[in-house]
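Every chain is numbered from 1, with letters handed out A, B, ... down the list of sequences. What you see below is based on every heavy atom in this structure, not just the backbone, and it leaves out hydrogens, waters and symmetry mates.
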Amino acid sequence: MLYILKTFTLLMLKKIYEHLLKEFGHQGWWPVTPSGSCRGDNLEPIYGLRARIEKQKLEIIFGAILTQNTSWKNVEKSIIELNKNNLFDIGKILKIKHDELAILIKSSGYYNQKAKKLKNMCVFLKKYPIKHLEKMELAKARELLLNVNGIGPETADSILLYAFDKPIFVVDAYTKRFLARLGLIKPDAGYEEVQALFMKELPKDTELFKEYHALIVEVAKRACKKNQKCDLCALKRLCRN
DNA sequence: GCCCAGGAGCCCG
DNA sequence: CGGGCTCATGGG
């Protein structure tokens, strides 16, 4: 019985992924600013790049914090402001005054909290440099990140997956709503429970996890909204709603 | 005006 | 442990 359920879930997850990929195409998350942008006018994050240099990884880390309960469009504006001031730099964030930083990220909302969170993160990254965290065992790096004030499970996992290329699945409000409507989880399922659903079934493939999460965000924005638009949804037939 | 957006911390029973 | 509150801007 257990075996049958497990197989069913795996088949569903694969089918969902294939449908979403066909519908929306490759998403190329996480958006980052092209490297060498200091002198050019490329100050804006774009999709489909690989975050190779440290500055780009820092951009993903900051972006993950800034986008907490906030639309990416608002975060983009803040990233451009930070780029203009060359602030994807741990030392400079630690040095800048709180109020000055808060103004630059104002468009992301919660700017006082988030200014503090960026500074907390930089204190942490000074003690544990990105290069060390990347080599660290996944569970250990995750635990350390979760101990930073302002970093919860989703932000930690976004950083691990998109900045450090660690094979961990990111769960957000979209993921829960989407899976609950499909009937694969209970509406009140906890974070780790939902994460385990993906990670026990699917191969631990970093690129697959990156793409899958991005595709869920896309379908949740377009069709699987709070007020669902099932007539627009490619997964209508697989869904309980 | 209202609702919502790629959450997390804190407080409280 | 779980629910309620707070943080805040910008777009629909």
Undergrad: What string of B, S and - do you get for nucleotides 5-12 of chain C 5' to 3' if you count protein non-hydrogen atoms under 4.0 Å?
TA: --BBBSS-
Undergrad: Report the residues that fulfil salt bridge (charged side-chain N to carboxylate O under 4.0 Å, His left out) with A:Glu134, sequence neighbours left out, ordered by chain and then residue number.
TA: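 With neighbours one apart ignored, the set is A:Lys57.
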Undergrad: Start at the 5' end of DNA chain B and walk down; is the nucleotide closest to A:Lys226 or to A:Val148 reached first?
TA: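 Result: A:Lys226.
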Undergrad: With ring centroids as reference points, do A:Phe209 and A:Phe198 lie under 6.0 angstrom apart?
TA: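 Judged by ring-centre distance (under 6.0 Å), A:Phe209 and A:Phe198 do not meet the cut-off.
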Undergrad: Specify the separation, in whole Å, of atom CD of A:Glu192 and atom P of C:dG2.
TA: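 Taking CD of A:Glu192 and P of C:dG2, I get 13 Å after rounding.
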Undergrad: Between A:Asn120 (CG) and B:dA8 (P), how many Å, whole number?
TA: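 Atom-to-atom, A:Asn120 to B:dA8, this comes out as 14 Å.
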Undergrad: Would you mind reading off the distance between A:Ile65 atom CD1 and B:dA8 atom P, rounded to a whole angstrom?
TA: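 Distance, rounded to whole Å: 10 Å.
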Undergrad: Count I, L, V, M, F, W, Y as connected when their side-chain heavy atoms are under 4.5 Å apart, and connections chain through other members. Are A:Leu94 and A:Tyr128 then in the same cluster?
TA: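 Yes: a chain of side-chain contacts under 4.5 Å links A:Leu94 to A:Tyr128.
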Undergrad: Could you tell me whether A:Asp165 and A:Arg50 make a salt bridge, using a distance below 4.0 angstrom between a side-chain N and a carboxylate O?
TA: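 Looking at A:Arg50 together with A:Asp165, the answer is yes, because their closest N to O distance falls below 4.0 Å.
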Undergrad: Quick check: is A:Leu21 connected to A:Leu235 through a chain of hydrophobic side chains (ILVMFWY, heavy atoms under 4.5 Å apart)?
TA: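 Both belong to a single hydrophobic cluster.
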Undergrad: Could you give the distance separating B:dC10 and C:dA8 at their P atoms, to the nearest angstrom?
TA: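 Taking atom P in both C:dA8 and B:dC10, they lie 15 Å apart.
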Undergrad: Can you tell me how far P of B:dA5 sits from NZ of A:Lys221, to the nearest Å?
TA: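 Whole-Å distance recorded here is 10 Å.
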Undergrad: Taking only N and O in the side chain of A:Asn227, is any of them less than 4.0 Å away from OP1 or OP2 of B:dC3?
TA: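 No, no such contact exists.
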Undergrad: B:dG9 P sits how many Å from A:Gln68 CD, rounded?
TA: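 Taking CD of A:Gln68 and P of B:dG9, I get 8 Å after rounding.
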Undergrad: B:dC4 phosphate, OP1 or OP2: any side-chain N/O from A:Arg177 under 4.0 angstrom?
TA: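 No, A:Arg177 has no side-chain N/O under 4.0 Å of OP1/OP2 on B:dC4.
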Undergrad: Would you classify A:Tyr47 as touching base, sugar-phosphate or nothing, given that sugar-phosphate means primed atoms plus P, OP1 and OP2, and contacts are heavy atoms under 4.0 Å?
TA: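 Counting heavy atoms under 4.0 Å across all strands, the contact made by A:Tyr47 includes a base.
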Undergrad: When you compare the side chains of A:Lys117 and A:Gln68, does any donor N or O come within less than 3.5 Å of an acceptor on the partner?
TA: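 Short answer, yes.
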Undergrad: State, with a plain yes or no, whether a side-chain heavy atom of A:Lys14 is found less than 4.5 Å away from one of A:Tyr17.
TA: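 Of all side-chain heavy-atom pairs linking A:Tyr17 with A:Lys14, none is under 4.5 Å.
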Undergrad: Scan A:Ile151 against the nucleic acid and name what it touches under 4.0 Å (heavy atoms): base, sugar-phosphate only, or nothing.
TA: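 Answer is sugar-phosphate: A:Ile151 comes under 4.0 Å of backbone atoms only.
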Undergrad: I need the NZ-C1' distance between A:Lys116 and B:dC10, as an integer number of Å.
TA: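 After rounding, the reported distance stands at 13 Å.
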Undergrad: Rounded to whole Å, please give me the gap between NZ in A:Lys225 and P in B:dA5.
TA: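 So the two atoms are 9 Å apart, to the nearest Å.
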Undergrad: Specify the separation, in whole Å, of atom CH2 of A:Trp72 and atom P of B:dG7.
TA: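 Atom-to-atom, A:Trp72 to B:dG7, this comes out as 12 Å.
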Undergrad: I want to confirm an ordering. Mapping A:Leu146 and A:Thr67 to their closest nucleotides on DNA chain B, which one lands closer to the 5' end?
TA: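 Closest to the 5' end, via its nearest nucleotide, is A:Thr67.
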Undergrad: Only pairs with both distances under 3.5 Å count, Watson-Crick or wobble alike; so what is the partner of B:dG1 in this structure?
TA: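 No nucleotide pairs with B:dG1.
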